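The block underneath contains the structure these notes are about, expressed in structure tokens.
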Amino acid sequence: MTDETNEIDWTDTKTFSRALERADTREKGNYFEAFAEGDLIEHDPGLTLTRWGNESWMSQTLNHDPAYWRTDAARDRGFDEPPIHPDYLTAATLGITVEDLSEKGGYFLGRTDVRFPGSPVYAGTELRVESEVVSRATSSSRPEYGIVTWRTRGMDAETDEILCSYERTNMIPRREPVATDGSGGSAAAAEESDEPALPSEFVTPDGGAFEDFREALERADDRDAAVAYRHERGRTQDDTTVAGLPLATLNTAKQHHNADVMADSPSGDIVTYGDVTRSTALGHARSDEDTYREVGFDDERFHTFVTPGDTVYAFTRVLEAEDTDQRAGTVRFEHIAFNQNDEPVYSGTRIAEIRKRSS
């Protein structure tokens, strides 16, 4: 280092601006070209699932099921102690993958086959996560992006038991755009189609027990009706939900934390982590049902941005109810989260065991 360099005042505004223009940026994340079908990615650093993290997630997303808070309620469900909530487990599993898979940005196209195959998960479990590249493809409508699908597994780091697994698909920026014909015909075709007619009647269950959902479906059967209803609660997005919760799951994507960069993005602001939006909507729905166990989720989509100040509400359709157990029956729902402008922001199907009245 020369004496002249030592004499430079690097904090002088003009000098520092010139230095920034010349300095390379040490980038984070991976471009589309970094992924090859069959690659197995071990994600660092992992995360210890804590009672504090679990309760913070549940309280901020309005998931107040007592089995995840109180020992007596947990034991009544067959747990040794209040377990880790599946929403927090899912969000932590995905959050750990962000730096390797999607930190470069790009649209979250969907997630499916979310399942919890392991035994109940308790505070203190150390989570290790790996992802396999299932497929990669060029985007026909956006040459600056590619499309990548991963199969992700969150495992107990001590036993290698799979605790959470899912498949998700993202658009990922390419280092070099490719030439395409620009065809994205599906959207145009959808605009030309006739608007579908809604059912003439919406049926609301009388309560939140399994029998209430089954009886509502029976009332709607053989009629032009759907079992569909909206939930009263809403949750306005604030600093905790937009930035605090994703940071607690090691989700480092700039979309949730860097307002400067996001000011020039399509959203115009930082955006809520999709799993916060999803879990908030599910929290609204669960407050109107007697959930016994979560089984899984499919066909999850995120439809538009949720930014600070937006309010997340929820709408539910009941699709099926099957009598499977003495204490609970299995119900398949479609949940749609929407904002204060009645625009859908998330949708997905959910399978849950719902407690019976007699249990």
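Only a predicted model underlies this, so the values are computations on that prediction, with no experimental measurement involved. The basis for the numbers below is simple: all heavy atoms, side chains too, and nothing from hydrogens, waters or symmetry mates.
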So, E130 and R153, do they make that salt bridge, N to O below 4.0 Å? yes
Check this for me: does any side-chain nitrogen of one of K28 and D100 sit under 4.0 Å from a carboxylate oxygen of the other? no
Determine whether E161 and S119 satisfy the following criterion, side chain to side chain donor-acceptor pair (under 3.5 Å), listing intermediate values before the conclusion. CA-CA 8 Å; E161 180 182 21; S119 52; 3.3 Å; yes
Exactly one of L163, I84, L89 should register a side-chain contact (heavy atoms from CB on, under 4.5 Å) with T125. Which one does? L163
Are the charged groups of D288 and R230 less than 4.0 angstrom apart, N to O? no
Side chain to side chain donor-acceptor pair (under 3.5 Å) partner of S279, chosen from W57, Y346, Y88, Y273: W57
Are the side chain of T149 and the backbone N or O of T169 linked by a donor-acceptor pair below 3.5 Å? no
For R293, salt bridge (Lys or Arg N to Asp or Glu O under 4.0 Å) partners two or more places apart: none
Would you please say whether a donor-acceptor pair under 3.5 Å links the side chains of T324 and T330? yes
Step-by-step side-chain contact (heavy atoms from CB on, under 4.5 Å) determination, V121 to L49: CA-CA 9 Å; V121 182; L49 300 169; 3.8 Å; yes
Side-chain donor-acceptor pair under 3.5 Å between E81 and Y122, yes or no? no
Between T97 and T152, does any side-chain donor sit less than 3.5 Å from a side-chain acceptor? no
Only counting residues at least two apart or in another chain, list the ones meeting ring-ring contact (aromatic ring centres under 6.0 Å, His included) with F338. Y313
With H335 via ring-ring contact (aromatic ring centres under 6.0 Å, His included) - residues at least two apart: F333
Charged N to carboxylate O under 4.0 angstrom, D310 versus R235? no
Going by atom types alone, do D9 and T11 pair a side-chain donor with an acceptor below 3.5 Å? yes
Under a 3.5 Å cutoff, is there a donor and acceptor pairing between the side chains of T291 and E289? yes
Holding to side-chain hydrogen bond (donor to acceptor under 3.5 Å, both in side chains), I want the full list of residues that pass it with R70, two or more places apart in sequence or in another chain. D72
Under 3.5 Å, is there a donor-acceptor pair linking the side chains of R174 and S139? no
Salt-bridge criterion met for D323 and R214 (N-O under 4.0 Å): yes
Are any non-hydrogen side-chain atoms of M155 and C164 less than 4.5 angstrom apart? no
Does the distance from a Lys or Arg side-chain N to an Asp or Glu carboxylate O, for R77 and E353, drop under 4.0 Å? no
Taking side chain as C-beta onward, heavy atoms only, is D65 less than 4.5 Å from W69? no
Are Q255 and F305 side-chain neighbours, meaning at least one heavy-atom pair lies under 4.5 Å? no
Drop me the distance from T241's OG1 to L62's CG, to the nearest 0.5 angstrom. 10.5 Å
Answer yes or no for R115 and Y166: cation-pi contact, defined as NZ/CZ to six-membered ring centre under 6.0 Å and angle to ring axis within 45°. no
Look up atom CG in N63 and atom OG1 in T280, then write down how far apart they are to the nearest 0.5 Å. 7.5 Å
Any donor-acceptor pair under 3.5 Å linking the side-chain atoms of S265 with those of S267? yes
Do E215 and R357 sit within salt-bridge range, that is, some charged N less than 4.0 Å from a carboxylate O? yes
Quick one: are R286 and R350 in side-chain contact, heavy atoms under 4.5 Å? yes
Looking only at the side chains, is there a donor atom on one of T90 and D87 sitting less than 3.5 Å from an acceptor on the other? no
Short N-O contact, K356 and E211, less than 4.0 angstrom: no
Check whether NZ of the Lys or CZ of the Arg R278 lies under 6.0 Å from the centre of the six-membered ring of F297 and within 45 degrees of that ring's axis. yes
Please assess E103 against K254 for the test side-chain contact (heavy atoms from CB on, under 4.5 Å), listing each intermediate value before the final yes or no. CA-CA 7 Å; E103 181 147 342; K254 59 181 175 289; 5.5 Å; no
S102 side chain vs G105 backbone, donor-acceptor pair below 3.5 Å: no
Distance check, rounded to the nearest 0.5 Å: F302 atom CZ versus Y107 atom OH? 15.5 Å
Flag the pair L94 / F108 as yes when at least one side-chain heavy-atom distance between them is below 4.5 Å, and no otherwise. yes
Give a yes or no on this: more than 12 heavy atoms of other residues, nucleotides or ligands lie within 6.0 Å of atom CG of D224. yes
Strictly distance-based, threshold 3.5 Å: is any side-chain N or O of N54 a donor or acceptor partner for the main-chain N or O of P83? yes
Side-chain donor-acceptor pair under 3.5 Å between T272 and Q237, yes or no? yes
I want to check something: taking the side chain as every heavy atom from C-beta on, are K104 and E27 in contact at a cut-off of under 4.5 Å? yes
Any donor and acceptor pair, going by atom type alone, linking the side chain of T249 with main-chain N or O of P246 inside 3.5 Å? yes
Could I get the full list of ring-ring contact (aromatic ring centres under 6.0 Å, His included) partners for Y292, not counting sequence neighbours? none
Hey, are the side chains of R128 and D44 touching, using non-hydrogen atoms and a 4.5 Å cut-off? no
Is any side-chain heavy atom of H284 less than 4.5 Å from a side-chain heavy atom of T61? no
Could you work out, with ring-ring contact (aromatic ring centres under 6.0 Å, His included) as the rule, every residue matching H85, not counting sequence neighbours? Y68
Quiz question: by atom type and distance under 3.5 Å, do the side chains of H231 and S287 form a donor-acceptor pair? no
What I want to find out is whether R111 reaches E167 closely enough, with some N-O distance under 4.0 Å, to be called a salt bridge. no
